[in-house]
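The structure appears right after this line, and notes come after that.
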2 protein chains.
Amino acid sequence: MAEPRAQRPRIADVAREAGVSKTAVSFAFNSPERLAPDTASRIRNVAEQLGYTPHPVARMLTQRQTMTLGVLTPQALSVIFSNPFFGAFSEGVAVIAEEHGYGLHFISPLHGSLAQAMSRATIDGVVAVGLSAGHPEVEEIRRAGLPIVLVDSTALPEYASVDIDDVGGARAAGEYIASLGHRDVLVLGVEAPAPGGPGQAEVTTRRLRGYRDAFARVGVEIPGERMLAGPASIAGGVALMNRAWEDGLRPTAVLAMSDAMAIGAMHALRDLRVDVPGDVSVVGFDDIDLAPHVDPPLTTVHQPIRRKGEEAARLLLTVVERRDLAKPEHRRLETRLIVRASTGPVPNHRKEVAGDRH
Amino acid sequence: MAEPRAQRPRIADVAREAGVSKTAVSFAFNSPERLAPDTASRIRNVAEQLGYTPHPVARMLTQRQTMTLGVLTPQALSVIFSNPFFGAFSEGVAVIAEEHGYGLHFISPLHGSLAQAMSRATIDGVVAVGLSAGHPEVEEIRRAGLPIVLVDSTALPEYASVDIDDVGGARAAGEYIASLGHRDVLVLGVEAPAPGGPGQAEVTTRRLRGYRDAFARVGVEIPGERMLAGPASIAGGVALMNRAWEDGLRPTAVLAMSDAMAIGAMHALRDLRVDVPGDVSVVGFDDIDLAPHVDPPLTTVHQPIRRKGEEAARLLLTVVERRDLAKPEHRRLETRLIVRASTGPVPNHRKEVAGDRH
DNA sequence: ACAGTCAACTAAACCGGTTTGCTAAACCGG
DNA sequence: CCGGTTTAGCAAACCGGTTTAGTTGACTGT
C-alpha cells in the first residue's frame, strides 16, 4: 500500500493519458495553432487534471534561455542586504526585470568564489555591481560568455556600464564643507570586499579624489591617515567613528561615502556626547529614502539609486534580447549635493588659522 | 573569415580534444577517483584551456536539484524592496543559504500570476512570505510539489512555518499607548496584495486584534473607520496619514503596523505642523535598523527580523536536504515593545473624560 | 481516377550533461 | 598458466522537455 510515487507528472504521462504524442502535448501549450482546436483543449484538460506543469529546467535546456537576470556582488549577500542603498538599487532592477517577464537571481561568492557562484547560476545575463577590474576572478567570470552590465566600475570597457559622477558629487560635498570653514576632516570610505584581504573599492578611490580636489582648492591636503575604510553599513560607520575617536582624531567634519556609514557615525558621535552639527558636521553619500528622516536630517550627495538599477537592467535586457553585443553603452548618471541639517559651520573654538601654513 | 562560433565549449568538445569519452570528462570533474590520476589531470587541463564549464542547466536536469532557494512574495519586488524590513529578512535567509552553498532566487507575480512565476523558477524549495491561505493561487503553488516554508502565515498547517507573536506585540503597543492616556487612535495597516483588489493581510488582522484587545481593557473600542490600510512603505505612510487628516481625523496616537509606515506618518505630521510626540504619538512595528536613528527615535514593537529569515531558511533546508517531510515544524518568535521617543502622554487640551461613556 | 495540397499529428533527434552496465586489459595468488 | 578480481574507460540510456522532418489521410481540382 505504499504510495507508488508522488512524482510530478511528466509530459509523457500527459501524452499517454490523452492518447497522443509528446509532441502534441508540447504543441498544445506552445503552438496550439498547429493542433485541431478540440484536440488542443482536450490535451490541456488532461494536463490540468493531472496537475502537469512543464519542468522549468528541461524547458530552459532546450530553449537556451532562462528568463532570469542575475545581480552579482563581490560581497556576501548578508552584508549587501544590510545597506539600504542595495535595496533601492535592487528595486530598480526588479521593476524593469518584472516588466519584461524576467526573474531575479542574486549571486554572491560561493565558498569565497564568485566564479563558482556564477557557473552555478542559471541566468541570461548579469548586472555586476562594484566589480572592480582588479578582482582576481573577473577573467573566469567573463569567460562564462554571458551578457554583463557593470555598475559603478568602468574598468572593463567592452561591457556596457552604468555609473555616476562620483568625483563631481564628492567634490561638491567637499567644497560645501570647506566653505563652512572646515579644514580638519575625516573620510569614511567603503572597503573593497577583495577575497585577498580588504583593499579599496573603485568607488572609494573616485570619491576620495573628489574630496581631495575640493580641499586642494582651499590649500588643504587630506592625508592618508584621515581616511578609514570599512563595510558600508550602520555598524561599519559606528565602528570606524569610534576607532577614529580612540585614535585621538578630532575632526570638525566627517565625509562618509555612504549614508549608512554616515548614520552610524552620527550615532557613535551622539554616544560620545558630540553634537551634530554643532561640534561635528557629517555628510553622507547616496541619499537613501531615510536620509531626510534621520536625526538630524542628513546632508548628503544624491544619486538616483533606483534609476541606476533601472538603467542597468534596461541596458542588460537590450543585450540579452537582441544578441547584438555591438558598441557597449556607457551611461553616467548625475549626482548633486543635498544640504540638510547634519552640517554647519565650524564651531568657534575650533577655528584655526589653517589654510595658510605659518 | 567569419568567426566559426563563439559558443561556449561543451563536454563533447573537451572529450574529443582530450581523446577520451564524455564519461571520462564527467568523471574527471565529479568522481576523479574513478580515473587514473594522470588521465584526470590531463582532462582537467584540456578543459581549463578550452575554458570549459559544465552547463548549469544541463547539470540541474540530471541531478534533479538546483542548489537554489526561492523567496516568494505576493507583492511585486519593487514594492517589497522598498521596505527595509524585507532587506533585513532577506539578509537572514541569505546568510543561511550561503552557508549551505545555495543561491537565492526572488519570485514575485509574473504578469500578475504567482503560480506562473513559480512554475518558471528553478529552485529546490521556497520561503513564502505573507502568503495567506486565501490567496487564489495557493492551490497551484502547492501543486508544484516543492518544499515550502511559510512566513507570517500559519494558514497552511501542513507546511513548516515561522512567524511571530503578532497579537502579543500589538497588544503591548496598544497597552502602552492606552496607559499614556490615549483613547483616540488611528491604526495604519498593511494591505494584502491580493490580485483581486486590496484586501487585508493575515498579519494585519492579527495585529489589529492585539490593538483592540489592549484598548478593550480600558473600555475603548477601535471602530473600523479608524483603520486605514496601504502599502508598507514610507510613501504609504505619508499617503495614509494625509488622507486621515483630510478626512478630519485628529487622533492623539497612531499605531502603524510597520516602521516604514510609521516613519512616513511622522513625516506627514511634520509637514502638517503637528508635533510628534507632543501632539500625536506614533508607534511602529518591526524595529528596523534605522528605527533608533529617525527623528524622533521610534517607539516600536521589536521582532527579530534577521532571525526570522534565518529560521525560515534553516527549516526549509532541513526539508530540502533530507527529503523528510514529516511533522512540519511551526516556530513562533517573540516580540517586545521598545519605547523610544516618538510616544508621550496625551496633550492636556485633548484629555477627554473618555472611557466612561456619559 | 489521380496527382497535388493541406491539416493533423508523430517518431526521432536534440539540448548538455550524469549514470549505469559493460568490456578489455592488468594484476594476483596458487 | 589459469581463473578471479581490479582498474580504467566507454557506449548507451537517461533527465524532461522542444523541434525538425516526416507520415497519414482527407480534400481539391481537372
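Side-chain atoms are counted along with the backbone in the values below, which use heavy atoms only and exclude waters and symmetry mates. Reminder, nothing fancy here: chain letters follow the sequence lines and each chain counts from 1.
- Considering B:Leu77, B:Leu72, B:Leu114 in turn, B:Leu114 is the only one that fulfils the side-chain contact (heavy atoms from CB on, under 4.5 Å) rule with B:Pro109.
- Atom CD1 of B:Ile11 and atom P of C:dT19 are 11 Å apart (whole Å).
- First and last contacting nucleotides of DNA chain D toward chain A (any atom under 4.0 angstrom from a heavy atom, 5' to 3' order): D:dG16 to D:dA21.
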Practice prompt. Dump the intermediate steps for side chain to side chain contact (heavy atoms under 4.5 Å, CB included) on B:Asp152 and B:Glu202, then the final yes or no.
Written response: CA-CA 8 Å; B:Asp152 283 339; B:Glu202 273 187 41; over 6 Å; no
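- Projected onto DNA chain C by closest heavy-atom contact, A:Phe27 and B:Ser31 fall at different nucleotides, the more 5' of which corresponds to A:Phe27.
- Take the nearest nucleotide of DNA chain D for B:Leu61 and for B:Thr23: the residue whose nucleotide is more 5' is B:Thr23.
- Residue B:Val20 is in sugar-phosphate contact alone, with no base atom involved, counting any heavy-atom pair closer than 4.0 Å across all strands shown.
- With B:His105 contributing its side chain and B:Thr122 its backbone, the two residues share no donor-acceptor pair below 3.5 Å.
- At a threshold of 4.0 Å, the pair A:Glu310-A:Arg314 counts as salt-bridged, since one of the basic side-chain nitrogens sits closer than that to a carboxylate oxygen.
- Of the side-chain N and O atoms in A:Arg34, none sit less than 4.0 angstrom from OP1 or OP2 of C:dA7.
- Among the protein residues, B:Tyr52 comes within range of the sugar-phosphate backbone only, with heavy atoms under 4.0 Å from sugar or phosphate atoms but none that close to a base.
- Ranked by how close their nearest DNA chain C nucleotide is to the 5' end, A:Arg42 and B:Arg59 are led by A:Arg42.
- Rounded to whole Å, atom P of C:dA8 lies 9 Å from atom CG of A:Asp38.
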Sequence neighbours left out, cut at 3.5 Å: what donor-acceptor pairs do the side chains of residues 34-43 of chain B make with other protein atoms?
unit_1  : atom_1 : unit_2  : atom_2 : d
B:Ser41 : OG     : B:Asp38 : O      : 3.2
B:Arg42 : NH1    : B:Ala18 : O      : 2.8

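- Rounding to whole angstrom units, NZ of residue A:Lys22 and C1' of C:dA13 are separated by 10 Å.
- Nearest heavy atoms, B:Gln116 versus B:Leu110: OE1-O, 3.8 Å.
- For A:Arg306 (side chain) and A:Glu91 (main-chain N/O), no donor-acceptor pair under 3.5 Å exists by modelled atom type.
- When both pairing distances are held under 3.5 Å, D:dA26 makes a Watson-Crick or G-U pair with C:dT5.
- Nucleotide C:dG29 has D:dC2 as its partner under the Watson-Crick or G-U criteria, with both atom distances under 3.5 Å.
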